[in-house]
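Below, each value reflects all heavy atoms present in this structure, side chains not excepted, and no hydrogens, waters or symmetry copies. Every number for a ligand or one of its atoms is a count from 1 in the order of the listing.
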Amino acid sequence: MDCMVIQGGRRLAGEVRISGAKNTALPILASTLLSKGTCALLNMPDVRDVLTMSKVLTHLGAGIEVHGDRYTVTLAGVASCQAPYELVKTMRASVLVLGPLLARWGEAIVALPGGCAIGARPINLHLAALEKMGAEIHIEHGNVHACIRGRLKGARIYFDVPTVTGTENVMMAACLAEGTTVLENAAREPEVSDLASFLIKRGARVSGVGTDVITIDGVPELHGADHEIVPDRVETGTYLIAGAITGGEVRVVRCRPDHCDALLAKLQEAGVALKVEKEAIQVRANGQPRAVDVKTLPYPGFPTDMQAQMMALMALARGSSVITETVFESRFLHVLELQRMGADIRIEGNHAVVTGVGRLSGAPVMASDLRASACLILAGLAAEGETRVSRVYHLDRGYERLDAKLTGLGAQVRREAERV
Ligand code: EPZ
């Protein structure tokens, strides 16, 4: 296992290019199972989760050619309808093959994704919706076994919570169902919208995307299409905070500022100087940031995937902030590690009370999940001395070449094999 070694205290400056969004690339890859033929996907991020999803698709019978950030996926038919546990356990988003396999091939066997560091992560809403559309679903030996004779039937589905992958899974299945499916309390994340725009290019009939009511009129089949993955809004936010937390000036390019409204509003409230253009954002620290309260919510609220990174910034803010996590039940594992670096944080239920300190000190810390890893890297960039973040395999799941991109901004970051 590798660790990331950061010498803190250097102001970041320069330009960084944002990669394609991991959380769009994954459902879009899974959706290629909905039709025979070829799909060309551009601006694909070079991250481990995309490689894992590619392995799942290959296992199911897809042919995938990769040239740089271009993935050409060809499907003549499926060799198997089973997504194996050894792959699913490494990436819960593998559950996204469930809807497409069921809708196009009539059967799907997907290992139940276990929980993870940030919460139980059930998929009950995915399964209930597919059952309502006529699927027979049973769970045995740790697998979800779903099947349907003939086509799924359109239905009106209400999601108790606006689940992102639940909306994506059922929207994909509904594309080939008989009749109309209405998803109520659907997720509004840009990743859902990007998937929908790809499905529509392939002949799907989807409306209401970006709202909490999505209507899908089923069609007999879809065809292949080309698509460029949207830039990653979480990677964008991570580099904005890297510029702010180091007192530097960073220009983030090839991004979608319109997908980052909640974060930009909070950074401005904290006194960070931002210059927003069509596909770029310039961030400049303006002295010590002001403490601001943050509450994570489904899109367009403040993204839970930016909670840990914002906490790193607030650990060095003037005053106290209350950070409330409403989406996942245990997404504060980074707090214990930040405390090792001198942060003053008190957890009260799903609130973290963060009182800014004058400085953080570098220390050996351990990553627990993808975004917690990013938080610790950001804290290390600002801390005095050396920070060693271990278990950075978490980071590699969702950040493309993070060490190279940070080095390009003047950070002193290197990757090395973990000392045992
Ligand atoms: C997606 O996860 C993202 N992953 C997550 O990003 C992100 O944090 C999350 O959405 C919220 O925005 C991908 O898109 C691959 P949810 P997902 O279903 O779909 C509960 C990252 O760091 N729920 O929207 O799994 C669930 O427990 C990752 O890139 C049910 O109860 O999240 C949670 O409390 C982390 N039953 C809430 O809904 C269900 O059937 C939101 O979960 C489904 C979800």
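Residue contacts with ligand 1 do not include Met306, since none of its heavy atoms lies under 4.0 Å from the ligand. In this structure, Lys22 has a heavy atom closer than 4.0 Å to ligand 1. Within the 4.0 Å heavy-atom shell around ligand 1 one does not find Glu191. Residue-ligand proximity: Gly398 is placed with every non-hydrogen atom at 4.0 Å or more from ligand 1.
Nearest protein heavy-atom contact of atom 17 (P) of ligand 1 is Thr165 OG1, 3.6 Å. Protein heavy atom in closest approach to atom 8 (O) of ligand 1: Asp305 OD1, 2.6 Å. Nearest protein heavy-atom contact of atom 16 (P) of ligand 1 is Val164 N, 3.7 Å.
Taking the side-chain contact (heavy atoms from CB on, under 4.5 Å) definition, one finds that Glu386 meets it with Val5, Gln7, Arg388, Arg414, sequence neighbours left out. For Ala382, the side-chain contact (heavy atoms from CB on, under 4.5 Å) criterion is met by Ile245, Leu316, not counting sequence neighbours.
Using a 4.0 Å cut-off between charged nitrogen and carboxylate oxygen, Arg254 and Glu279 do not count as a salt-bridge pair. Electrostatic pairing of Arg256 and Asp194 does not count as a salt bridge here, judged by no charged N lying under 4.0 Å from a carboxylate O. A salt bridge does not link Lys22 with Glu191: none of the charged nitrogens is closer than 4.0 Å to a carboxylate oxygen. Salt bridge status for Glu228 with Arg70: absent, with no side-chain N to carboxylate O gap under 4.0 Å.
Checking Asp369, Asn350, Asp305 one by one against Arg331, the side chain to side chain donor-acceptor pair (under 3.5 Å) holds for a single residue, Asp305.
For ligand 1, the polar-atom distance check finds an N/O of Val327 within less than 3.5 Å of one of the ligand's N/O atoms. Between Asn124 and ligand 1, a contact under 3.5 Å exists for at least one N or O pair.
Contacts between His126 and ligand 1, counted as non-hydrogen atom pairs separated by less than 4.0 Å, involve both the backbone and the side chain.
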